[in-house]
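Being a predicted model, the structure only gives us computed values, none of them experimental. Read the numbers this way: they start at 1 and go in the same order the structure lists the ligands and their atoms. What's counted below: heavy atoms across the whole structure, side chains too, no hydrogens, waters or symmetry copies.
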Amino acid sequence: MALPSLFSHIPLLIVLYSSLFTCSSSISSPAHAIPKGSSISVDRKNDNLVSPNSLFTAGFYEVGINAYCFSIWLIEPQSQNVNPTVVWMANRDAPVNGKHSKLFLHDNGNLVLHDADQSIVWSTETKSASDSLTLQLEDTGNLVLRQLDGDQNLLWQSFDHPTDTLLPDQVFTKNSELVSSRSTSNFSSGFFKLYFQTNNVLSLLYKNPEITSVYWPKPYSVPWKAKRYTYNNSRIAKLNSQGHFKSSDDFHFFVSDFGMRRHRIMKLDSDGNIRVYSLVDQKEGKKWEVQWQAFSNPCKIHGVCGPNCVCTYSQETGRKCVCVHGYTKKNQTDWTNGCAPKFKPCKQVSEDYVELPFLKFYGFEIRYLENRTLDACKQVCLKDCNCKGFQYKYFTDKGYYSCFLKNVLYNGYQLAFRSSMYIKLPKDLVSSVQQTFVNGSSLSCPENQIMSIQRSYDRKHGNSSLEILLWFGYGIGLLEFVFVLIFFCITLKDSSTTSYFQIASGIKRFTFAELKTATRNFKEEIGKGGSGVVYKGKLSDDRPVGIKMLKEVYIHQGEVEFQAELSTIGRLNHMNLIETLGYCIEGKHRLVVSEYMENGSLATCLNSNKLDWGKKLEIAIGIAKGLAYLHEECLEWVLHCDVKPYNILLDANYCPKVADFGLSKLFDRGSIENPSFSKVRGTRGYMAPEWVFNLPITSKVDVYSYGVVVLEMITGKSPLQLGDGSHGGEQTLVEWVRQKIYEYIRSENGTWIEEIVDGRTSGEYDMRVLINLLKVALQCAQEDKDARPSMSHVVNIILNPRVDDLSNLF
Ligand SMILES: *[C@@H]1O[C@H](CO)[C@@H](O)[C@H](O)[C@H]1NC(C)=O
Ligand SMILES: *[C@@H]1O[C@H](CO)[C@@H](O)[C@H](O)[C@H]1NC(C)=O
Ligand SMILES: *[C@@H]1O[C@H](CO)[C@@H](O)[C@H](O)[C@H]1NC(C)=O
Ligand SMILES: *[C@@H]1O[C@H](CO)[C@@H](O)[C@H](O)[C@H]1NC(C)=O
Ligand SMILES: *[C@@H]1O[C@H](CO)[C@@H](O)[C@H](O)[C@H]1NC(C)=O
């Protein structure tokens, strides 16, 4: 490659070289540039421009049968059989013919794309009389029109007109926008757009012929709450080559593999999510891996399911759309059209409501009624023909319920907290729901669990935490009740539809016999934890799974509580949380089925010294993200309470997943203040001091345990070996690390970090990153719970290494 890079420094030679190319088409070595008056033709195979580093190619790319777009794509030299990654297109919405089409750099300086019939499909509308004008593809992936004379050297560049992808160091400006593709195979313009709004905020917009709505940053929150600054009108943003994205509205992020030298692209995908991918070496070859994304729950992206639809998501099944009860799918092949009512609206028939708990529909409020009873809301909506239903929500800060009346049911998704949607339907449709339910008892729907939840709710009062749990169980019951009914209606109409219930709750009930077969009579034990033994199993569809047989403690726990807890778990979806696939309750057996993790637990990987520093850092970030999701993003009241290396499992790529929510307890936000835990939970060595001193238990107990786990990864010392400090004399791991740092500050000899870090861990590490991680871990493991950061804050500080002085670690 020495020759081409030489050329790029000597412009004269470029012209020479490329004219050589145009004169003799038999030359096989690729061109980096073409001069004025020459063209790139669809007819000549491999008539392309290639960047001097051979990473990018510009040429005609086939998007359909005999349909071509002039494009730039990225291809790794080692992976020739992989589909190239298209990063730019000139004519995505008007492909040209596969014969006689060409891109022509006219003598007047205009770069024009001609279709077979010579019609102009696309052009740069540039003018130049200079003979030195050339079109060249640069190492960055930028296609530029340059001249050597004149006032302006750069006439045009593809970086100013992105398609759906930003490359590193490509500046996104107030005039740029990214528009998603229609689908993964159809490159024409889709419905999602990234752009700077007039208030200077970098935003994502859904726009189809009927509706337009901004869905990022959070549409219901004001810009400053989303940490966006609206007063800088320079409106520029850029992902740098290190992996740090920064926008002039103060939005910024670091990709998870920040600092690593990898090829990256930032792309607005056809599903409306914006992601940064890195090209990662894997056993099977190079692969694009997501290193950052704007949405972990894709159901919060607007427009995905169309009107009168609910979006459900689980990692296993991905994103799904389901019609609201009383509505039916409009277009069998395209969900964006949503569902149409099975009834005629506004026909003066008597109407009633179906409650859909834990559901939210975003936007389209026609009225907002504050501090109203449910009946009052129902009355107002009944009187208004335009009202399709209302969101009924409790405001903790205000202490009352309010309702949002809606004329369109759009952007429906499942929520983790209490907010119900009431759908207005003709009475016969509402009562048909109940009829089916009563009459459905002979079928194999799990309807008896709903009855038992209601019974126990009526029976028990007094114990507040139990009541909350039951309330929650009751909510789940209702949710399932409605879902089962909808499922029932769907299956009655269309037996090919998959179970709504399974999609909705995400988990399946197994019989004990099924699990016995799956594990070949509980033959292969793969783990043993506080809550039970885990066996390897294989489901009937050949999927490997981990099956945990829970200890007897859980048998005393009623069936209702067990199911309520599992329903919560089933709704948790995050790439760093283990996914629960199913459960079994039969007699004294309580089993939980979850995804199988190839690399076992973090504990075993630490013992066998399998992890290098790169993996350790990724694992620390992954665990933090998983816990942050548990604490805040999703359900503010799910605490893990037993974070330790045994409960962190690693998949084939060493991506960590937090497991074992067996000990997690459901909290209502209000009850977090109450020290409602009486029994000490958790594991010696990883347990926060609050447990010992019987102080209120909050999410900060998990933060503490997380800090200890990270210290264990850094030092290679197990807190179990060092002791937990509870018997006096013995030093805890936290104390040991603090003492080392303290000794260093006293003595000022420069080798302290080598004394602390695990010398057996291979791989190079960036000192700043490691010191930052150590600092975060020590902050997490402080005695005073209020001094510990929240988990989402932890994620931020790991990804934003800022190392100042060490004295504030004490
Ligand atoms: C891509 O989608 C657009 C819009 O729906 C459609 O007009 C076009 O025919 C599609 N192209 C291909 C190649 O399927
Ligand atoms: C606006 O943002 C740009 C880019 O981030 C930055 O260089 C500039 O200093 C900012 N201007 C103000 C007034 O904050
Ligand atoms: C359904 O959608 C597809 C793709 O957008 C379209 O080709 C088809 O005509 C639609 N069918 C109906 C009945 O609207
Ligand atoms: C809500 O309404 C009830 C009854 O109408 C009233 O007693 C109560 O004070 C109201 N609460 C607030 C916070 O306005
Ligand atoms: C089914 O529904 C009908 C109408 O409500 C009712 O009369 C009948 O008793 C129900 N059947 C069962 C088995 O509950």
Side-chain angles (χ1 to χ4, degrees), residues 42 60-71 83 86 89-98 101 115 121 163-164 166 169-176 179-193 195-203 206-210 223-224 227-240 242 244-254 268-272 303-304 306 330-338 368-380 392-403 670 800:
V42 74
F60 285 92
Y61 185 84
E62 187 165 16
V63 295
I65 297 159
N66 200 35
Y68 286 79
C69 289
F70 190 78
S71 315
N83 266 351
V86 174
M89 265 183 185
N91 55 323
R92 68 192 311 197
D93 289 317
V96 293
N97 198 308
S101 302
D115 204 348
V121 170
T163 309
D164 61 0
L166 272 187
D169 291 328
Q170 176 174 3
V171 181
F172 189 82
T173 69
K174 61 180 86 181
N175 301 318
S176 323
V179 175
S180 65
S181 299
R182 204 44 216 261
S183 68
T184 47
S185 56
N186 184 337
F187 291 94
S188 65
S189 300
F191 299 129
F192 303 99
K193 182 163 108 175
Y195 71 121
F196 277 106
Q197 280 194 77
T198 46
N199 66 357
N200 301 321
V201 172
L202 186 65
S203 311
Y206 174 77
K207 187 174 190 301
N208 76 5
E210 281 113 48
W224 58 264
K227 300 205 175 73
R228 301 300 187 96
Y229 180 71
T230 52
Y231 302 101
N232 187 334
N233 69 358
S234 62
R235 297 192 211 164
I236 52 169
K238 195 176 85 175
L239 176 73
N240 73 11
Q242 297 255 294
H244 180 215
F245 181 87
K246 190 167 182 341
S247 156
S248 57
D249 65 357
D250 276 1
F251 171 72
H252 81 121
F253 64 82
F254 290 86
L268 177 54
D269 281 318
S270 56
D271 64 358
V304 289
K330 245 188 188 165
N331 183 329
Q332 286 310 315
T333 58
D334 190 358
W335 270 112
T336 53
N337 296 321
Y368 168 55
L369 303 172
E370 216 173 42
N371 190 13
R372 296 298 161 94
T373 62
L374 183 57
D375 273 339
C377 294
K378 284 183 172 175
Q379 287 312 317
V380 176
Y392 192 59
K393 190 180 168 205
Y394 186 73
F395 287 90
T396 331
D397 49 340
K398 296 177 178 162
Y400 53 67
Y401 282 92
S402 295
C403 49
N800 293 275

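Residue R182 has at least one heavy-atom neighbour below 4.0 Å for each of these atoms of ligand 1: 2 (O), 4 (C), 5 (O). Which parts of ligand 2 touch S234 is read off a 4.0 Å heavy-atom cut-off, strictly below it: atoms 1 (C), 2 (O), 3 (C). Interface of S188 with ligand 1, defined as ligand atoms under 4.0 Å from a residue heavy atom, comprises 1 (C), 2 (O), 3 (C).
Less than 6.0 angstrom separates the ring centroid of Y231 from the ring centroid of Y229. You'll find the ring centres of Y392 and Y401 inside the 6.0 Å limit.
Residues satisfying the side chain to side chain donor-acceptor pair (under 3.5 Å) test with T173, not counting sequence neighbours, are S176. Listed by chain and residue number, C377 satisfy the disulfide (SG to SG under 2.5 Å) test with C403 (two or more places apart in sequence, or in another chain). Take E370 and apply the side-chain contact (heavy atoms from CB on, under 4.5 Å) test, not counting sequence neighbours, and it matches Y368, K398, Y400, S402.
Looking at N232 next to ligand 2, an N or O pair under 3.5 Å apart turns up.
Ring geometry, F196 versus F172: the interplanar angle falls from 30° to 60°, so the pair is classed tilted.
Between the side chains of N66 and N97, at least one donor N or O sits under 3.5 Å from an acceptor N or O.
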Please produce the table of protein N or O atoms sitting under 3.5 Å from N or O atoms belonging to ligand 4, one pair a line, distance to 0.1 Å.
from     : atom 1 : to   : atom 2 : distance (Å)
ligand 4 : 2 (O)  : N371 : OD1    : 3.3
ligand 4 : 2 (O)  : N371 : ND2    : 2.3
ligand 4 : 11 (N) : N371 : ND2    : 2.8
ligand 4 : 14 (O) : N371 : ND2    : 3.3

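Atom NZ of K207 has 12 or fewer neighbouring heavy atoms from other residues, nucleotides or ligands inside a 6.0 Å radius.
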